[in-house]
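Below: one structure, written as structure tokens.
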Amino acid sequence: MESGKILRHVLGPNGENLKTPFGQPWIEPDGTGEPAEFQFTGTGFLIAGVPLMATNRHVALPWTSGNREKALSDAGLEPEMLRLLAYLPDQTEPIEARLVRFSEAADLAILAVEPSVQDLGIPLADATSRVGEELFLLGYPTGLKALIAQAGPGFLEELEAEGTLNFWSIASRLSTQSKIHPLASRGIVARTSESAIVYDAETTTGGSGGPALNRRGEVVAINAAILPEFGGSNIGVPVSHLRALLREVESQ
């Protein structure tokens with residue numbers, strides 16, 4: 001039975017989060033602790049000339065991936081985005097992002113961001129790449145894991161000593177120390193169609209929503225899916241679908 005309340009952690013006598021006999025967090029609509037939240041990471045990029053960011057729909061609405069949405073619905077639960085933050089390279093503070101529109105036909109979403117960062121955007125290509133052409137993929141594969149590894153062994157030790165080792169403290173410290181930078185990989189376009197571009201530039205979970213660039217630095221596709229069982233090939237949404245979604249935003 002739906003109550004409309006936010007699920008919160010049930011607290012023990014000392015204010016600690018209690019767990020069920022199965023070792024799972026104990027959460028109830030009448031809990032008095034913090035809201036039960038799950039953190040998701042992905043990649044996005046600023047679009048040149050407008051205060052907008054592009055990413056995948058399954059990054060902006062992470063519960064739409066796989067069977068999560070059905071599982072929540074069957075349990076009488078409704079997901080809610082509590083915070084949507086974008087961490088930019090060489091920017092010491094994150095920026096708030098807000099979902100503006102997502103595509104029903106393609107795995108794309110557009111977020112609104114602060115106008116002050118629109119000069120950092122990447123231009124969109126006029127046409128998609130052809131088979132055999134080279135492209136470059138930017139993103140954050142494995143999310144925080146890769147960034148922590150690049151930060152060095154002393155990074156986590158500092159946070160552990162301060163007693164602030166959690167998702168948000170890690171992301172904040174990486175940002176303030178200017179240690180958030182995307183990884184780049186290079187590949188060749190293997191196949192193109194109206195709905196997808198297949199290429200072998202390597203990435204993995206966390207790289208979803210990253211821009212695939214041509215040799216002129218223009219976005220030709222938005223990374224959307226990986227095919228690990230097929231030589232590491234990946235699938236991107238052609239930039240034409242992003243342009244179509246942008247036109248929908250402009251017409252609002």
*Begin from the C-alpha positions of V10 and T32 and carry the test side chain to side chain contact (heavy atoms under 4.5 Å, CB included) through to its verdict.*
CA-CA 6 Å; V10 176; T32 56; over 6 Å; no
*Would you check, one step at a time, whether the test side chain to side chain contact (heavy atoms under 4.5 Å, CB included) holds for I110 with E248?*
CA-CA 10 Å; I110 291 179; E248 292 181 17; over 6 Å; no
*In sequence, state the C-alpha distance, the side-chain angles, and the governing distance for T92 and S178, and then conclude on side chain to side chain contact (heavy atoms under 4.5 Å, CB included).*
CA-CA 6 Å; T92 57; S178 298; 3.8 Å; yes
*Mind running side chain to side chain contact (heavy atoms under 4.5 Å, CB included) on V249 and R101 for me, showing each step along the way?*
CA-CA 7 Å; V249 173; R101 197 171 185 88; 3.9 Å; yes
_Pair S208-H58, side chain to side chain donor-acceptor pair (under 3.5 Å): steps then yes or no_ = CA-CA 8 Å; S208 294; H58 78 262; 3.1 Å; yes
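L147 and K179 get closest at one heavy-atom pair: CD2-O, 3.8 Å. Scanning all heavy atoms of the two residues, the minimum distance from P51 to P115 falls at CB-CA, 3.8 Å. Closest approach of T192 to S129, counting heavy atoms only: CG2-O, 3.3 Å. Nearest heavy atom pair, residue A60 against residue L111, reads CB-CD2, 4.0 Å.
Atoms CD and CG, from E96 and L85 in turn, are 5.0 Å apart once rounded to the nearest 0.5 Å. For the atom pair CZ (F45) and CG (L120), the distance works out to 14.0 Å, reported to the nearest 0.5 Å. One distance of note links OG of S233 with CZ of R191; it measures 12.0 Å at 0.5 Å rounding. Annotation: the span from E93 atom CD to S172 atom OG amounts to 6.5 Å, rounded to 0.5 Å. Between the CG atom in L174 and the OG1 atom in T176 there is a gap of 8.0 Å [rounded to 0.5 Å]. Separating the OG1 atom in T128 from the CD atom in E218 is a distance of 11.5 Å, to the nearest 0.5 Å.
Residue L61 is grouped with residue M53 when hydrophobic side chains (ILVMFWY) are merged at heavy-atom distances under 4.5 angstrom, including chains of intermediate members. The same ILVMFWY cluster, assembled from side-chain heavy atoms under 4.5 Å apart, contains both L52 and V239. Residues W168 and I170 fall within the same hydrophobic cluster, defined by Ile, Leu, Val, Met, Phe, Trp and Tyr side chains chained together at heavy-atom separations under 4.5 Å. Linking Ile, Leu, Val, Met, Phe, Trp and Tyr whenever their side-chain heavy atoms come within less than 4.5 Å leaves V220 and L213 in two separate clusters. By the criterion of side-chain heavy atoms lying less than 4.5 angstrom apart, applied directly or through intervening Ile, Leu, Val, Met, Phe, Trp or Tyr residues, V113 is not grouped with V100; the two fall into different hydrophobic clusters.
The side-chain heavy atoms of V131 and I188, taken from C-beta on, include no pair separated by under 4.5 Å. Between I122 and I47 there is no side-chain heavy-atom pair separated by less than 4.5 Å. Under the 4.5 Å side-chain criterion, counting only non-hydrogen atoms from C-beta, P238 is not in contact with S195. For the pair T41 and F167, the minimum side-chain heavy-atom distance is below 4.5 Å. In this structure, the side chains of F155 and Q177 come closer than 4.5 Å at one or more pairs of heavy atoms. The shortest side-chain heavy-atom distance between N223 and T203 falls under the 4.5 Å cut-off.
Under 4.0 Å is where a charged nitrogen must lie from a carboxylate oxygen, and between D126 and R216 no such pair does. Between E158 and R173 there is a salt bridge, since at least one side-chain N of the basic residue sits less than 4.0 Å from a carboxylate O of the acidic one. For the pair R130 and E133, the salt-bridge criterion is met [side-chain N within less than 4.0 Å of a carboxylate O].
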Give the table of side-chain donor-acceptor pairs shorter than 3.5 Å for residues 135-146, with sequence neighbours excluded, one pair per line with atom names and distance.
residue, atom, partner, partner atom, Å
T142, OG1, A146, N, 3.2

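R57 contributes a side-chain N or O that, together with a main-chain N or O of A106, makes up a donor-acceptor pair within less than 3.5 Å. A donor-acceptor contact shorter than 3.5 Å links the side chain of R243 to the backbone of A125. Side-chain N or O atoms of N234 include none that pairs as donor or acceptor with a backbone N or O of D200 at under 3.5 Å. Here the side chain of S175 pairs no donor or acceptor atom with the backbone of A171 at under 3.5 angstrom. In this structure, the side chain of H241 engages the main chain of E194 through a donor-acceptor pair within 3.5 Å.
Between I222 and the options I197, N56, T43, T55, a side chain to side chain contact (heavy atoms under 4.5 Å, CB included) holds for only N56.
Taking a 4.5 Å side-chain heavy-atom cut-off between Ile, Leu, Val, Met, Phe, Trp and Tyr, the cluster of V59 contains only that residue.
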